[in-house]
Amino acid sequence: MKRIAVLTSGGDAPGMNAAIRAVVRTGLDKGWEVFGVRHGYTGLIRGDFIPMGARDVGGIIQRGGTVLGSARCPEFKTEEGRLKALNQLQEQNVSGLIVIGGNGSQTGAHMLSQMGFPVVGVASTIDNDLYGSEITIGVDTALNIALEAIDRLKVTASSHQRAFLVEVMGRDCGYLALMAGIAGGAEAVVIPEVETDPETIATELRAAYERGKAHALVVVAEGARYNAEGLARYFQKHQERLGFELRVTVLGHVQRGGAPGAFDRLLATRLGTAAIEYLSWGEHGLLVGLLKGEVTATPLAEVVANKKLPDLHLLELARVLAK
Ligand code: ADP
Ligand code: F6P
């Protein structure tokens, strides 16, 4: 019998539980033993393994977060930490590991794989900044949460003729901001990938005011040089020029804690299942993700060597649509 382990790492993402469930039940279906590792790489280093049965993953497909817990683990970035993790895996007779997580987690997965251990990654982060998957587990739900907030803010903004700066997550990646901006009908979008002069935003807000708009919405990525705080500070000195009164909302972790929607549950289920299939074929050192709508495996070496950028043409589209 083969014994495998699964962990979730980095920022949690809605749908991680659905991926754990798929891994556990597909693994059991192969006649394997499946262990869960608690709190990501921290649990791997400490040997915090728990056996997972079919019932242990019952009733979790609809829950946000991760039942295994997640962590940021600086120790795993050191060779000493990774050796401790490798020892734990060998002591527990584990012969394959599935890592559900984002960019950093898959970098760790690649390093473990380079040490000779069979690892398969599952693409999961709300940031959508992971090469090898056009969309990652959690993005769709996080985006819908941001949109719900934006729609509500537009209602109150219209009542008061206000402009709102709404900051969304995404670390260094502007994907969430760009998509939330387009789908939320924003007047302007600010992302880290494109340097934006606050003066340009001020001019756009003023122009929207003069066109008779009842409100204006600027969606800002947290990683942009001028994020919500930076822009608000800048505009404080120039409030009267904007026409609108200005308010700021930082959505923060609210975006991460939601219950996964249908898209994320299905994506997580497909990717979790595929990770088991690849291990069963003896193929590893891979990330499973979605490319052109198909579940596809990309070598982890390629994943960590490349950067995924949002489609920057969409920034221009956002501008055109903000008439
Ligand atoms: P995410 O996976 O969501 O991008 P992080 O970037 O915080 O989240 O990474 C999660 C964890 O992955 C880190 O806390 C660390 O344990 C591991 N990790 C990140 N970068 C590396 C690296 N360069 N080498 C080894 N492990 C890493
Ligand atoms: O990677 C997911 C993410 O939510 C990023 O968008 C954000 O920058 C970061 O995690 C926040 O990290 P933490 O939860 O450790 O504050």
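Start at 1 and go down the list; that is how both ligands and their atoms are numbered.
- In the hydrophobic clustering of ILVMFWY residues, with side-chain heavy atoms under 4.5 Å counting as a link, Leu153 and Val250 come out apart.
- Nearest to atom 11 (C) of ligand 1 among the protein's heavy atoms is Ser9 OG, 3.6 Å.
- Glu199 and Tyr234 share a donor-acceptor pair across their side chains, judged by distance under 3.5 Å alone.
- Atom 2 (O) of ligand 1 has its nearest heavy-atom neighbour, among Ser105, Cys73, Gly10, in Ser105.
- When hydrogens are left out, the protein atom nearest atom 26 (N) of ligand 1 is Gly108 CA, 3.4 Å; that is the closest non-hydrogen contact.
- Put simply, Ile98 and Ile61 are part of two different groups of oily side chains (I, L, V, M, F, W, Y) that touch within less than 4.5 Å, one to the next.
- Sorted by first and then second residue, the side chain to side chain donor-acceptor pair (under 3.5 Å) pairs involving residues 310-319 (not counting sequence neighbours) are Asp311-His313, Glu316-Arg319.
- For ligand 2, residues of the protein lying within 4.0 angstrom by heavy-atom distance are Arg72, Ile126, Asp127, Met169, Gly170, Arg171, Glu222, His253, Arg256.
- Among the atoms of Pro74, none of the N or O lies under 3.5 angstrom from an N or O of ligand 1.
- For the 3.5 Å distance criterion, the side chains of Asp12 and Thr66 fail to qualify, holding no donor opposite an acceptor.
- Residue contact check for ligand 1: Arg171 places a non-hydrogen atom closer than 4.0 Å to it.
- Residues Val120 and Met52 share a hydrophobic cluster, clusters being chains of Ile/Leu/Val/Met/Phe/Trp/Tyr side chains in contact below 4.5 Å.
- Distances below 4.0 Å separate heavy atoms of Arg72 from the following atoms of ligand 1: 3 (O), 5 (P), 7 (O), 8 (O), 14 (O).
- Heavy-atom proximity to Met111, at under 4.0 Å, picks out these atoms of ligand 1: 24 (N), 25 (C).
- Taking a cut-off of under 4.0 Å to the non-hydrogen atoms of Phe76, the atoms of ligand 1 that pass are 16 (O), 25 (C), 26 (N).
- Both Ile100 and Leu286 sit in one connected hydrophobic cluster of ILVMFWY residues. Membership requires side-chain heavy atoms under 4.5 Å apart, directly or through other members.
- Residue Tyr41 touches ligand 1 through its side chain alone, judged by heavy-atom distances below 4.0 Å.
- The shortest contact between atom 19 (C) of ligand 1 and any protein heavy atom is with Gly104 O, 3.2 Å.
- The hydrophobic cluster containing Phe117 also includes Leu7, Phe35, Val37, Tyr41, Leu44, Ile45, Phe49, Phe76, Leu83, Leu86, Leu89, Val94, Leu97, Val99, Leu112, Met115, Val119, under a criterion of side-chain heavy atoms closer than 4.5 Å among ILVMFWY residues, counted directly or through chains of members.
- With a 4.0 Å cut-off on non-hydrogen atoms, Lys77 touches ligand 1 through its backbone as well as its side chain.
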(request) Verify salt bridge (charged side-chain N to carboxylate O under 4.0 Å, His left out) between Arg211 and Glu187, making sure each step is shown before the conclusion. (result) CA-CA 12 Å; Arg211 287 200 303 278; Glu187 273 59 43; 5.9 Å; no

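- A heavy-atom separation below 4.0 Å is not found between Thr125 and ligand 1.
- A donor-acceptor pair shorter than 3.5 Å can be found between the side chains of Lys308 and Asn128.
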Which atom pairs, donor and acceptor, lie under 3.5 Å between side-chain atoms of residues 161-186 and protein residues at least two apart or in another chain?
from   : atom 1 : to     : atom 2 : distance (Å)
Gln161 : NE2    : Lys213 : O      : 3.4
Glu167 : OE1    : Ala228 : N      : 3.0

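- Within the listing of ligand 1, atoms 22 (C), 23 (N) sit less than 4.0 angstrom from a heavy atom of Thr107.
- Ligand-side atoms of ligand 1 in range of Gly11: 3 (O), range being under 4.0 angstrom from any heavy atom.
- Ion pairing of Arg82 with Glu80 is absent here, as no side-chain N (NZ or NE/NH1/NH2) approaches a carboxylate O to less than 4.0 Å.
- In terms of modelled atom types and a separation under 3.5 Å, the side chain of Thr273 and the main chain of Leu271 share no donor-acceptor contact.
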